[in-house]
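Treat the numbers as computed from the prediction; the structure is a model and nothing was measured. Chain naming here is simple, since letters A, B, ... match the order of the sequence lines and numbering starts at 1 in each.
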Amino acid sequence: MERTTLDLWVGLFVVAGLAAILVLAMKVGNLSTFNMSESYTLQADFDNIGGLKSRSPVKSAGVVVGRVTAITFDNKTFRAQVSMVIDKRYQFPKDTFAKILTAGLLGEQYVGLDPGGDEQVLKGGDQITKTQSAVVLENLISSFLYSKAAEGDAKK
Amino acid sequence: MLDRSLAAIRGTGHRVVNGVWRLGFASRFFLAVLLHSGISFRRFQLTIKEIYFSGVLSLIIILVSGLFVGMVLGLQGYETLQKYGSESALGTLVALSLVRELGPVLAALLFASRAGSAITAEIGLMKATEQITAMEMMAVDPIARVIAPRFWAGVISMPLLAAMFSAIGVFGGYLVGVVMIGVDEGQFWSQMQSAVDFRLDVMNGVIKSCVFGVAVTAIALFEGYDAPPTAEGVSHATTRTVVTSSLAVLALDFLLTAFMFRGI
C-alpha cells in the first residue's frame with residue numbers, strides 16, 4: 001500500500017471540510033466569544049420576567065457574564081424562578097441587584113446585574129434576593145393614562 | 001364494468017404488496033451494508049477512492065452554488081430588512097438560514113443529483129454486466145467490497161460538503177452585504193456571532209447533514225442494486241434515486257427541524 005495523489009485530494013477535502021466547520025464555530029457562531037468552561041449557577045425570583053427566554057444573556061455593566069439556563073414558575077410564591085450560569089471569572093457581592101432590562105427599544109430582554117457593596121460574594125446555588133421585574137408596556141401605558149386622568153381631575 | 005373495477009383493485013393490491021416487499025428488501029439490504037462495513041474501514045483505501053469520487057468531485061458544484069445562494073440571501077435579505085431599518089441583522093439572517101436549513105438541505109439535494117445518480121448508474125451497470133455475480137463466483141462479497149465503501153464515503157462526505165456550503169454561503173452574504181452594499185462590517189459579524197449558537201445551530205446542522213448523507217447514499221445504493229439489469233432499468237433507477245432521495249431529504253428535514261428547534 002503506498003500513497004497516491006488520490007489520498008492527497010481526499011486529505012485536502014477532509015481538511016477543507018473540517019476548516020469550514022471550524023469557521024462556522026469560531027467566526028459565525030459564538031464559540032470563540034463566550035466559552036463557559038468554568039461556571040456557577042445563581043437563582044433569582046422575579047414578579048414578571050416579560051419576554052426573557054432561556055439562553056438570554058446576563059450582563060453586568062454591559063458585559064456578557066453569563067446566560068439564563070432555565071425559567072420556571074413557582075406555584076407557592078407565584079413568581080418566576082430564573083436560573084442562570086455565570087462565568088467563574090466574575091464574582092458578585094451578596095447584595096447584587098438583578099433587573100430585567102431591554103436592549104434597545106424593541107430588542108431582546110436580558111438580566112442586568114448591578115453589584116452592591118457587600119464583602120461576601122455569591123457562590124454557586126445562591127439566591128439573588130433583590131430583583132426588579134421587566135417593564136411591561138401595557139402596565140406602563142395604563143399607569144401613564146391613570147396619572148394623566150388624575151391630573152385632569154385635579155385641574156377641574 | 002365489474003371486470004374493470006376488479007382489475008383496478010387487483011392492480012392496486014399488487015402495487016402495495018410490491019412496495020412493501022421492496023421496503024423489506026431495502027431494510028435487509030441496509031442492515032447487510034451496516035453488518036459488512038468492517039472491510040471499508042480495515043481497507044480504508046477503498047473508502048478513500050469513493051470519497052474522491054463522490055465528495056471531492058462534488059466540490060465545485062457545492063462551492064459555486066453555496067456562493068451564489070449566500071449572495072442571493074444577502075441581496076434579498078437586505079431588500080427586506082432595510083424596510084424595517086435593521087440592515088445590521090443581515091449577518092444573522094444569512095448565517096442562521098444557511099447553517100440551520102439551506103446548507104444541509106441544498107448540499108444534500110445537490111449531492112443526490114451529482115453523486116447519488118452516479119452511484120446508482122454505476123452499481124446498476126455493474127449488475128447489468130454481471131460484475132456483481134462474477135464477484136460472488138469468486139467468493140468476494142459484493143456488499144462488503146462494492147456497496148459498503150460507497151455508503152461510508154457518502155456518509156463521511158456529506159457533512160463536510162454541507163459545512164463548506166454554509167461557510168462559503170456566509171462569505172457570499174458578506175461579499176454582497178458588506179463589500180457591495182455597505183452594511184457595517186462590525187455589526188454584520190457581531191450580530192451574527194451573538195445569534196448563532198455553536199451547539200444549537202452549527203452542530204444541529206452537522207447532525208442534519210449526517211442523516212441526509214445516510215439517507216441519500218442508502219437510497220442511491222439500493223436503487224442501483226435493485227435495478228433491473230437492462231439499459232431501461234438502470235435509467236429508471238437513476239431517475240428514481242434523484243426523486244426519492246430529494247423527497248426523503250425534504251421530509252427528513254421537516255422531522256429533524258421539528259425535533260431540534262421546537263423540542264416536541
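- Each of B/Ala95, B/Gly205, B/Gly55 has some count of heavy-atom pairs under 4.5 Å with chain A, and the biggest count is that of B/Gly55.
- For B/Leu59, the part lying near chain A is the side chain, with the backbone staying farther off; criterion is any non-hydrogen pair under 4.5 Å.
- Taking a 6.0 Å sphere around CD1 of B/Ile60, one finds it holds 12 or fewer heavy atoms contributed by other residues, nucleotides or ligands.
- Nearest approach of A/Asp7 to B/Ile48, heavy atoms of both residues: OD1-CG2, 3.5 Å.
- Taking chain A as the reference chain and counting heavy-atom pairs below 4.5 Å, the highest number among B/Pro159, B/Ala163, B/Ala195 is found for B/Ala163.
- To the nearest 0.5 Å, atoms NZ (A/Lys27) and OH (B/Tyr174) are separated by 7.5 Å.
- Contacts of B/Leu200 with chain A are made by side-chain atoms alone, with heavy-atom separations under 4.5 Å and no backbone atom involved.
- Within 6.0 Å of atom CH2 in A/Trp9, 12 or fewer heavy atoms from other residues, nucleotides or ligands are found, so the atom counts as exposed in its surroundings.
- Around atom OH of A/Tyr40, more than 12 heavy atoms belonging to other residues, nucleotides or ligands sit under 6.0 Å away.
- Heavy atoms closer than 4.5 Å to chain A are found nowhere in B/Thr92, neither backbone nor side chain.
- Summarising the local packing, CZ of B/Phe41 is surrounded by more than 12 heavy atoms from other residues, nucleotides or ligands at distances under 6.0 Å.
- Rounded to the nearest 0.5 angstrom, B/Leu160 CG and A/Ile21 CD1 are separated by 6.0 Å.
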Inset, instruction - Evaluate the side-chain contact (heavy atoms from CB on, under 4.5 Å) criterion for residues B/Leu161 and A/Phe13: first the C-alpha distance (whole Å), next the side-chain angles of each, then the deciding distance (0.1 Å), finally the verdict. - result: CA-CA 9 Å; B/Leu161 288 172; A/Phe13 170 70; 3.6 Å; yes
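- When each of B/Gly103, B/Ser157, B/Gly91 is scored by its heavy-atom pairs under 4.5 Å with chain A, the top score falls to B/Ser157.
- Looking at A/Leu18, the atoms closer than 4.5 Å to chain B (heavy atoms on both sides) sit in the backbone and in the side chain alike.
- With rounding to the nearest 0.5 Å, the separation of OH in B/Tyr52 from CG in A/Leu8 is 10.0 Å.
- For B/Lys49, the NZ atom counts as loosely surrounded, since its 6.0 Å shell holds 12 or fewer non-hydrogen atoms of other residues, nucleotides or ligands.
- Ranking A/Gly11, A/Gly17, A/Pro57 against chain B, the residue ahead of the rest is A/Gly17, based on heavy-atom pairs under 4.5 Å.
- Only the side chain of B/Val170 comes within contact range of chain A, with heavy atoms under 4.5 Å apart.
- Residues B/Ser166 and A/Leu24 approach most closely at CB-CD1, 3.9 Å, considering heavy atoms.
- Ranked by heavy-atom pairs shorter than 4.5 Å toward chain A, the options B/Asp201, B/Ile156, B/Val56, B/Val202 are led by B/Val56.
- Heavy atoms from other residues, nucleotides or ligands lying under 6.0 Å from OH of B/Tyr84 number 12 at most.
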